[in-house]
Q: 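First the structure, then my questions, so here it is.
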Amino acid sequence: MPDFLYKQKYNMIFSLLENHSNLFRNSIPLIASENVTSPAVREAMISDFANRYAEGWPGERVYAGCKYIDSVELECMELAKKLYDAEFADVRAISGVVANLVIYSAFTQPGDIMMCMPISAGGHISHGKKEHSGTAGLVHGLNIEPFPFDKDNMNIDVDKTVNKIKKTENNKMPKLAMFGGSLFLFPHPVKEMSDILKEYDIHINYDAAHVAGLIAGKQFQDPLKEGADTMTMSTHKTLFGPQGGLILSHNKYAENIKKATFPGMTSNHHIHHMAAKAITFIETLEFGQSYAKDVISNAKTLAETLNELGFYVLGEKNGFTKSHQIVIDVSKYLDGGKAEAELEKSNIIVNRQLIPGDIKAGRNYFNPGGIRLGVSEITRLGMQKSEMKQIAEFVKNIIIDKKEPAEMLNKIKSFRKDFQTIQYCFDNKTKAYEYVRIK
Ligand SMILES: *Cc1c(COP(=O)(O)O)cnc(C)c1O
């Protein structure tokens with residue numbers, strides 16, 4: 001290839017990156033698993049930590065040059081423990097999936113059984129069985145037994161689960177119970193079930209990937225206090241940090257987790273993200289409670305308004321949501337995949353969602369019955385009650401009224417203009433989606 005073409009491609013990649021920032025600057029980002037980071041977190045992520053290795057534990061590294069990295073990592077662990085009131089924190093898992101794999105490896109053997117949320121009711125693919133290429137089955141050879149699910153309450157059915165465990169033969173008893181999921185409207189019954197699970201020697205992990213920021217802000221359940229042995233999470237969903245993972249537990253599990261994390265599941269633990277996690281934990285200690293409160297109240301307003309406008313919002317029996325998420329069954333109008341595409345034409349970014357009953361109705365992941373909306377990112381941009389009502393109106397205009405996408409796009413771009421800085425942080429000189437040039 002002639003050299004000038006390389007330069008063209010080089011320029012092209014950078015212009016795509018800028019286009020992306022521009023898209024998000026003009027969009028209403030409602031992906032429940034996403035958030036936006038503060039300028040401080042972004043600065044940590046482009047530091048030289050990004051180029052280094054620091055294998056092992058602070059003070060026991062297998063490379064030199066780790067003096068400052070060790071100090072940051074020790075601080076990062078202290079902050080994580082403080083934030084979650086936990087005895088032990090391992091901040092090295094590079095993602096939520098890796099954190100779950102650490103738990104699988106530390107507390108189960110291939111062939112063991114894990115009880116968890118079925119994917120069709122909001123379980124995450126990292127809890128999935130081998131036939132679905134789920135991480136638990138495919139990578140660690142776990143067999144999967146679903147929690148019975150109660151559609152009206154949009155939660156685990158405690159009575160049916162307890163009966164199911166009592167009727168299970170000893171050699172088929174789960175070794176691990178995994179709470180948490182990706183469709184996560186209401187706190188899971190950890191407190192209600194931890195005694196019986198412990199009676200049968202079942203290790204309890206709580207996957208807080210989605211709700212980590214709400215737990216940190218003390219507006220959701222506290223899994224470790226309710227009886228969970230260990231807790232895993234992503235650091236970038238409601239917790240507004242860099243993409244990464246985190247594991248918390250009581251001290252008695254520390255050694256197992258440390259070994260499974262390194263050398264088991266990581267070599268390089270992305271230490272620029274580790275530093276950015278430390279910054280996030282400080283931001284969350286300072287601003288986390290007001291952020292989590294605002295997120296949950298925004299989600300509730302959005303859900304109630306959508307319901308008033310005629311949408312079938314799931315979880316009505318319990319007030320639609322107690323988290324950052326809302327799930328709408330749109331199947332009366334179109335399927336979830338088409339709804340996602342229609343909304344995207346006007347820069348409203350959501351994801352289609354399998355909802356309970358879809359599989360029976362012959363729907364699948366590509367054309368499910370629902371869409372999932374999350375308010376974590378728009379709350380971090382400072383949006384409040386009146387904006388939630390406006391957004392619900394936009395969604396109705398697109399899906400129910402079928403208004404012209406071009407007209408909607410203009411409205412949404414102008415609505416979006418006033419929300420360009422990050423809130424709930426110490427410094428916000430750089431705009432939320434500002435493309436930073438350093439080259
Ligand atoms: C998002 C998610 C994960 C995976 O986290 P990554 O950080 O993307 O690896 C794990 N569990 C649940 C329940 C999730 O929603």
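In listed order, ligands and their atoms are each counted from 1.
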Q: Would you say K175 has more than 12 foreign heavy atoms packed within less than 6.0 Å of its NZ?
A: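 Counting neighbours around NZ of K175, 12 or fewer heavy atoms of other residues, nucleotides or ligands fall under 6.0 Å, so no.
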Q: Looking at ligand 1, does H236 have a heavy atom less than 4.0 Å from it?
A: yes
Q: What's the shortest distance from atom 11 (N) of ligand 1 to any protein heavy atom, and which residue and atom give it?
A: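 Answer, as residue, atom name and distance: D207 OD2, 2.6 Å.
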Q: Output the list of atoms in ligand 1 that are nearer than 4.0 Å to some heavy atom of G181, sorted by atom number.
A: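 Answer, ordered by atom number: 13 (C).
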Q: Starting from atom 14 (C) of ligand 1, which protein heavy atom do you reach first, and at what distance in Å?
A: K237 NZ, 3.0 Å
Q: Which residue and atom name correspond to the protein heavy atom nearest atom 5 (O) of ligand 1, and how close is it?
A: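 Protein heavy atom at minimum distance: S234 OG, 2.9 Å.
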Q: Between N100 and T232, is any side-chain donor less than 3.5 angstrom from a side-chain acceptor?
A: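 Note: N100 and T232 side chains meet the donor-acceptor criterion.
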Q: Need the ligand 1 atom indices (1-based, order shown) with element for anything under 4.0 Å from a heavy-atom of S182.
A: 12 (C), 13 (C), 14 (C), 15 (O)
Q: Mark up the atoms of ligand 1 that fall under 4.0 Å of a heavy atom belonging to H210, in ascending order.
A: 15 (O)
Q: Tell me, with the steps shown, if S182 and H210 meet side chain to side chain donor-acceptor pair (under 3.5 Å).
A: CA-CA 6 Å; S182 302; H210 262 274; 4.5 Å; no
Q: For residues H140 and T108, is any side-chain donor paired with an opposing acceptor at under 3.5 Å?
A: yes
Q: For atom CD of Q420, is the number of surrounding heavy atoms from other residues, nucleotides or ligands below 6.0 Å larger than 12?
A: yes
Q: Between E73 and R61, is the closest basic N to carboxylate O distance under 4.0 Å?
A: yes
Q: Using the ring of Y433 (Phe, Tyr or Trp, six-membered ring only), decide whether R25 places NZ or CZ under 6.0 Å from its centre and within 45 degrees of its axis.
A: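 No; the conditions do not both hold, so R25 does not lie above the ring face of Y433.
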Q: N/O to N/O below 3.5 Å, does that happen between A209 and ligand 1?
A: no
Q: How far is atom 4 (C) of ligand 1 from its nearest protein heavy atom, and which residue and atom is that?
A: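 Answer, as residue, atom name and distance: H124 CE1, 3.3 Å.
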Q: For ligand 1 and V97, I'd like to know whether there is a polar contact (N/O to N/O, distance under 3.5 Å).
A: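 N/O-N/O distance below 3.5 Å exists for this pair.
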Q: For ligand 1, is there an atom lying under 4.0 Å from some heavy atom of G180?
A: no
Q: What I'd like to find out is whether the side chain of Y333 reaches to under 4.5 Å of the side chain of I328, using heavy atoms alone.
A: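 A side-chain contact under 4.5 Å is absent here.
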Q: Looking at R437 and E18, is any side-chain nitrogen of the basic one under 4.0 Å from a carboxylate oxygen of the acidic one?
A: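 Looking at E18 and R437, the cut-off is met.
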Q: Write out the residue and atom name of the closest protein heavy atom to atom 6 (P) of ligand 1, then the distance separating them to 0.1 Å.
A: G96 N, 3.4 Å
Q: Answer yes or no for S126: is there a heavy-atom contact with ligand 1 below 4.0 Å?
A: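 S126: in contact with ligand 1 (<4.0 Å).
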